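These notes concern the structure reproduced below.
Predicted model only: the values in this text are computed from it and were never measured.
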Amino acid sequence: MQILLYNELDPGNINGFAKWRSFMEADDLKSADVKKIGDNLYRARLNRSDRLLLSFYRHGGERYALVLEYLKNHDYAGSRFLRHGVAVDEDKIPPLEEAPEDLPALAYVNTEHGRFNLLDKVISFDENQQAVFALQPPLVIIGSAGSGKTALTLEKLKACRGDVLYVTLSSYLVKNSRDLYYAHQYENPHQQVDFLSFEEFLESIQEPNGRPVSFHDFAAWFGRLPRLAIKDAHKLFEEFHGVLTGPSVEAAYLQREEYLNLGVRQSIFPAEERPVVYDIFTRYLAFLQEQRLYDSNILSHQYLKKLSPRYDFVVVDEVQDFTNIQLYLILQALRNPSGFVLCGDSNQIVHPNFFSWSKLKSLFFTHGELQADTGLICILHTNYRNSPPVTALANRILLLKNARFGSIDRESNYLVRSNGHVQGEVLFLQDRDTIRRELDAKTRASTRFAVVVMHAEQKSAARRHFNTPLVFSIQEAKGLEYDNIILYNFLSDEERRFREISTGVSHENLQQGLRYARAKDKTDRSLEIYKFYINALYVALTRAVRNLYWIETNPKQRLLDLLDLRDPLDTLNLDSQDSSLEEWRLEAHKLELQGKQEQAERIRHEILQQQTPDWTAYSGSTLDQLHQQALQQGDKKARLTLFEYALAYEDHHVLRELLLVGFKPARHPANGLKQLQQKYYLPYMAKNPLILRNQTKHFGVDFRNPFNQTPLMVAAWLGNVPLVEELAGLAANTRLVDNNGFNAFQIALRQASKDEKYARQHLAGIYHHLEPDSLSIQIDGKLQKLDNRHMEFFLLNLMIALFYRVLPMKVVEQGAYSSQDIADAIAHFPPEALPPPRKQRAYISSALARNEMYGHDRYNRKLFYRLKHGHYLFNPTLRLRVEGEWVNIYDLLCLDKLAYRPAHDWCDSHDQESWDHWLDVGRNHIKQQLQQVRGALLNDALALLKTLCEQELRKIQDSNQS
């Protein structure tokens with residue numbers, strides 16, 4: 001048996017490791033004292049007190065034992081790989097005589113290295129990757145799709161100390177990379193990592209005025225302009241984004257004369273067309289202001305003055321999608337100018353940015369403060385994703401691109417090797433009814449097949465023949481991967497352009513390999529003009545992990561011949577590839593996270609056949625209308641519904657209003673609560689919730705009941721662990737909120753804080769299913785992402801959950817949240833939810849004090865306003881991103897409701913007089929507290945203004961004296 005050691009373990013520090021290893025390599029598992037303690041998780045005894053955790057795998061006929069963790073003194077509770085609170089009784093577990101036969105397979109093992117890395121799965125670096133992993137920054141890592149560059153950079157990220165940033169354009173890639181990084185409960189106490197999209201990075205400097213302009217926005221605006229000599233919106237948008245606004249870091253955009261005087265290779269357009277281009281550009285600038293849109297290049301330049309260095313290390317993923325000014329802005333956030341890793345692949349550029357590695361090197365050369373060794377560029381040649389036939393075809397496209405356009409830089413000049421562990425084929429097909437019908441019939445119900453076309457407007461033609469919801473333009477397809485890709489008329493719809501691309505290229509040229517040689521004619525802008533099309537073809541086919549089905553109406557095109565695709569098949573023998581409804585639900589969720597809303601909605605309507613519920617979910621205007629019907633119009637049915645709503649939300653304000661109009665059941669809400677559960681929530685309490693499952697099938701997993709609650713919110717409220725697990729498995733959205741402003745996670749925290757039984761019996765099983773990975777907040781107009789690994793994330797969510805239960809009496813007493821309130825609320829929380837050290841009052845107090853809005857701690861999030869010693873309210877300027885919108889904390893949580901909260905939960909003895917008295921007291925105290933907070937804020941603002949004026953006055957006086 002072979003032994004592989006986790007890369008962060010040092011065998012020299014493991015007592016008895018050499019002896020134990022000799023037993024394992026001799027397949028003597030009995031002497032190695034191996035016992036199974038989990039799913040492919042085993043413990044091995046080193047000595048009386050120390051243990052190893054390991055897993056078994058196979059590769060190439062060999063068995064491997066992967067050593068995951070070294071546990072000193074039986075420290076199973078501190079293990080990354082065991083759930084907190086799980087007890088391991090070694091005496092009750094029989095020893096393992098030999099390794100299991102049915103072992104999971106590893107895709108690749110570098111047998112020479114003897115180590116492995118770990119993200120969401122085991123990673124064994126090849127020699128090239130290992131060499132790059134050992135290098136120190138700054139680094140530029142170049143690799144094709146599936147080359148492992150993201151995994152490599154994430155592993156390098158783990159070695160960094162201090163404040164670290166991972167940034168890329170795609171929000172989905174950010175989330176995916178964050179989840180990979182923290183897989184298996186990885187922790188690094190020596191770093192603070194921000195995972196941000198570039199849009200979030202801009203928001204972290206200052207909230208922009210509006211949203212970023214997209215090509216869709218631009219194309220719609222351009223189409224409304226009077227007839228112009230220039231017709232190509234895509235070409236024009238690339239010129240605006242990659243030439244006029246992108247390359248320069250000295251100005252937001254080029255002035256007219258600067259643009260007109262650019263060299264022949266610095267613009268897509270010839271000199272005679274540039275005056276018209278610039279005229280359109282000036283109108284584009286006005287369009288942005290009118291529509292409250294921003295150009296990220298222009299904004300990046302404006303933000304240079306607002307940015308202060310705040311990171312010790314930065315990783316920029318998919319760097320080819322960035323312009324010079326965007327990248328420059330990111331690197332200006334570094335404290336150490338050389339602390340960065342950039343990774344990407346210029347052959348995958350489908351964003352209009354005029355990127356090249358040579359331009360990137362020029363940026364470093366002209367801005368010496370970046371301190372980059374431009375020679376330290378590493379290329380990853382091996383592809384671990386695509387099958388050999390797909391990789392071979394991708395290489396042939398790279399050869400054609402090189403033969404036709406020359407090399408824009410040496411770094412783009414490489415071919416890809418496939419490691420060959422995935423089998424597949426490339427099938428060239430004639431665009432005929434029989435072919436389309438068979439493909440459609442066998443693939444329409446499969447999540448493993450997707451159709452890719454060049455432009456968004458071509459999707460409608462593809463949908464006439466293919467009924468799968470998975471139809472993508474190339475812009476949408478970037479970043480996706482499917483086992484099978486149907487490439488539909490990718491060339492035939494752009495035949496003229498691809499004819500130009502193949503001009504002058506022969507089969508002999510493609511046999512000569514890649515050559516580094518720039519195009520001889522400097523006026524030839526063919527690469528800039530046609531780069532999108534040849535790159536789009538490369539990106540499209542590399543979305544196929546196994547098989548590519550390439551369909552063309554005209555199979556006799558020159559480019560197809562150069563790719564050795566000459567004789568299209570007339571028939572196709574393909575097995576049906578149907579997927580389950582659960583697989584389709586997960587696919588819809590994944591696409592939604594990636595921003596592919598159109599395809600996600602088609603899945604829900606066409607495959608899942610989800611419908612809109614036939615009841616009203618009361619919120620906003622519908623809730624206002626219900627109030628009016630019940631309280632002003634005297635509608636008895638509306639009063640009953642409003643009463644049930646008040647019970648569901650424990651809303652004593654509404655109960656009091658019902659009492660005032662003579663609705664007697666409001667005097668005894670506890671009785672109504674039992675009826676409410678019987679009427680609405682029985683399906684959530686059943687051991688086999690068939691009714692609820694049918695509802696999720698018909699309405700979707702996130703449908704709303706009449707009280708505007710999702711199934712996940714109700715399951716969290718009831719503490720139904722199996723149901724929460726089931727809904728989480730169906731990708732229920734944890735970020736949706738109810739009419740109290742609570743998400744399912746906060747509902748669970750509220751229940752656990754007031755119910756010891758709930759906390760002890762239910763919270764451990766549902767906590768991590770409900771917990772969002774982060775919470776986006778805004779302080780002083782700047783975005784911050786609170787990762788769920790930090791105490792600030794927990795504190796803010798808990799204090800929101802306690803808002804209506806704890807704060808009312810605190811306000812009456814002229815106080816606010818205290819560390820004791822928090823400690824009392826979490827006293828019974830299990831370690832799976834909160835490690836015991838974080839439950840200590842001293843720890844809570846330090847976290848509150850560290851995040852005061854006027855504090856000076858380096859990691860101060862400014863979350864809380866200190867009302868008096870040890871008492872805190874939310875920072876009044878705090879905003880949260882709720883369901884995609886920024887909402888002030890006191891708009892999300894209704895302050896007025898605090899005044900209507902009785903001293904005891906669900907007290908039936910409150911008569912009309914006590915209601916009114918408590919109401920008056922509560923109202924007065926809330927007003928006093930808010931006036932006190934606002935007054936303190938105003939005084940602080942005036943003091944700051946006075947200080948700034950005095951500083952400016954001293955500067956003027958000093959200047960006059962000199």
Side-chain angles (χ1 to χ4, degrees), residues 145 150 168-180 197-200 211-220 234 317-318 321 348-352 385 443-463 466-488 490 532 535-536 539-545 579-610 700-702 730-736 773 881 883-884:
T150 296
T168 190
L169 278 191
S170 165
S171 297
Y172 176 75
L173 184 55
V174 169
K175 181 183 182 338
N176 188 58
S177 295
R178 184 260 175 209
D179 292 345
L180 291 177
S197 68
F198 183 67
E199 185 177 341
E200 289 175 324
R211 62 176 177 83
V213 62
S214 66
F215 176 70
H216 177 77
D217 297 321
F218 178 83
H234 187 278
D317 205 354
E318 302 289 358
D321 293 336
Q348 295 189 64
I349 297 172
V350 293
H351 290 278
R385 178 189 302 165
T443 67
R444 68 172 69 175
S446 174
T447 59
R448 294 179 289 278
F449 282 77
V451 179
V452 178
V453 297
M454 177 75 79
H455 300 298
E457 55 267 25
Q458 294 165 337
K459 291 194 295 184
S460 58
R463 291 194 191 106
F466 301 102
N467 289 291
T468 175
L470 305 177
V471 179
F472 302 95
S473 68
I474 191 60
Q475 296 279 1
E476 294 171 325
K478 189 175 185 298
L480 301 178
E481 58 181 76
Y482 287 92
D483 276 358
N484 309 277
I485 289 293
I486 300 171
L487 208 59
Y488 185 64
F490 213 80
F532 167 78
N535 284 357
V539 170
L541 63 93
T542 54
R543 300 310 92 200
V545 174
S579 298
S580 67
L581 292 180
E582 285 71 23
E583 289 174 313
W584 277 109
R585 287 190 187 95
L586 292 176
E587 183 68 20
H589 178 66
K590 181 186 75 174
L591 290 171
E592 194 168 47
L593 291 176
Q594 292 171 310
K596 312 297 187 296
Q597 193 66 40
E598 175 191 322
Q599 290 81 4
E601 286 302 316
R602 287 194 64 200
I603 290 173
R604 293 186 175 113
H605 291 300
E606 299 172 17
I607 302 293
L608 304 177
Q609 296 184 342
Q610 292 177 358
V701 70
D702 293 320
L730 296 175
N733 191 340
T734 60
R735 295 182 180 274
L736 300 178
D773 54 51
R881 181 168 277 154
E883 298 184 11

CA sep, side-chain torsions, deciding dist, call: Leu480, Gln594, side-chain contact (heavy atoms from CB on, under 4.5 Å): CA-CA 9 Å; Leu480 301 178; Gln594 292 171 310; 3.1 Å; yes
Leu541 and Ile485: side-chain contact (heavy atoms from CB on, under 4.5 Å), yes or no, with the steps? CA-CA 7 Å; Leu541 63 93; Ile485 289 293; over 6 Å; no
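Expressed to the nearest 0.5 Å, how far CD of Gln458 lies from CD1 of Ile474 amounts to 11.0 Å. The distance from the CD atom of Glu601 to the NE2 atom of His605 is 4.5 Å, given to the nearest 0.5 Å. To the nearest 0.5 Å, the span separating CG on Leu581 from OG1 on Thr447 amounts to 11.0 Å. In this structure, Glu598 CD and Phe472 CZ are separated by 9.0 Å, a value rounded to the nearest 0.5 Å. In this structure, OG on Ser580 lies 5.0 Å from CD on Glu582, to the nearest 0.5 angstrom.
Residues Glu883 and Leu736 meet the side-chain proximity criterion, which asks for heavy atoms closer than 4.5 Å. With contacts defined as side-chain heavy-atom distances shorter than 4.5 Å, the pair Gln597/Glu592 qualifies. With contacts defined as side-chain heavy-atom distances shorter than 4.5 Å, the pair Leu591/Leu470 qualifies. Using a 4.5 Å cut-off on side-chain heavy atoms (C-beta onward), Thr443 and Asn484 make no contact. With contacts defined as side-chain heavy-atom distances shorter than 4.5 Å, the pair Phe198/Glu318 does not qualify. Counting only heavy atoms from C-beta outward, the side chains of Thr168 and Val174 approach each other to under 4.5 Å.
When every heavy atom of Ala540 is checked against every heavy atom of Leu487, the shortest pair comes out as CB-CD1, 3.4 Å. Contact record, Trp584 with Arg444: CZ2-O, 3.8 Å, taken as the closest heavy-atom pair. Residues Lys459 and Ser473 come closest through the heavy atom pair CD-N, 3.7 Å. Between Pro469 and Ile607, the closest heavy-atom pair is CG-CG1, 3.7 Å. Nearest heavy-atom pair across Pro212 and Asp217 is O-OD2, 4.0 Å.
For Glu199, there are no salt bridge (charged side-chain N to carboxylate O under 4.0 Å, His left out) partners at least two apart in sequence or on another chain. Taking the ring-ring contact (aromatic ring centres under 6.0 Å, His included) definition, one finds that Phe490 meets it with nothing, sequence neighbours left out.
Electrostatic pairing of Asp773 and Arg735 counts as a salt bridge here, judged by a charged N lying under 4.0 Å from a carboxylate O.
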Would you tabulate the side-chain donor-acceptor contacts of residues 448-457 under 3.5 Å, counting partners in other chains and residues two or more places apart, or write 'none'?
| residue | atom | partner | partner atom | Å |
| --- | --- | --- | --- | --- |
| Arg448 | NH2 | Gln577 | O | 3.3 |
| His455 | NE2 | Glu494 | OE2 | 2.7 |

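Looking only at distances, no side-chain donor or acceptor of Ser197 sits under 3.5 Å from a matching main-chain atom of Ser171. Checking side-chain atoms of Asp321 against main-chain N and O of Leu169 turns up no donor-acceptor pair under 3.5 Å. Of the possible donor and acceptor atoms, none in the side chain of Asp179 sits under 3.5 Å from a partner among the backbone N and O of Asn176. For Arg543 (side chain) and Val539 (main-chain N/O), a donor-acceptor pair under 3.5 Å exists by modelled atom type.
Across Arg602, Arg604, Gln609, a single residue satisfies side chain to side chain donor-acceptor pair (under 3.5 Å) together with Glu606, and that is Arg602.
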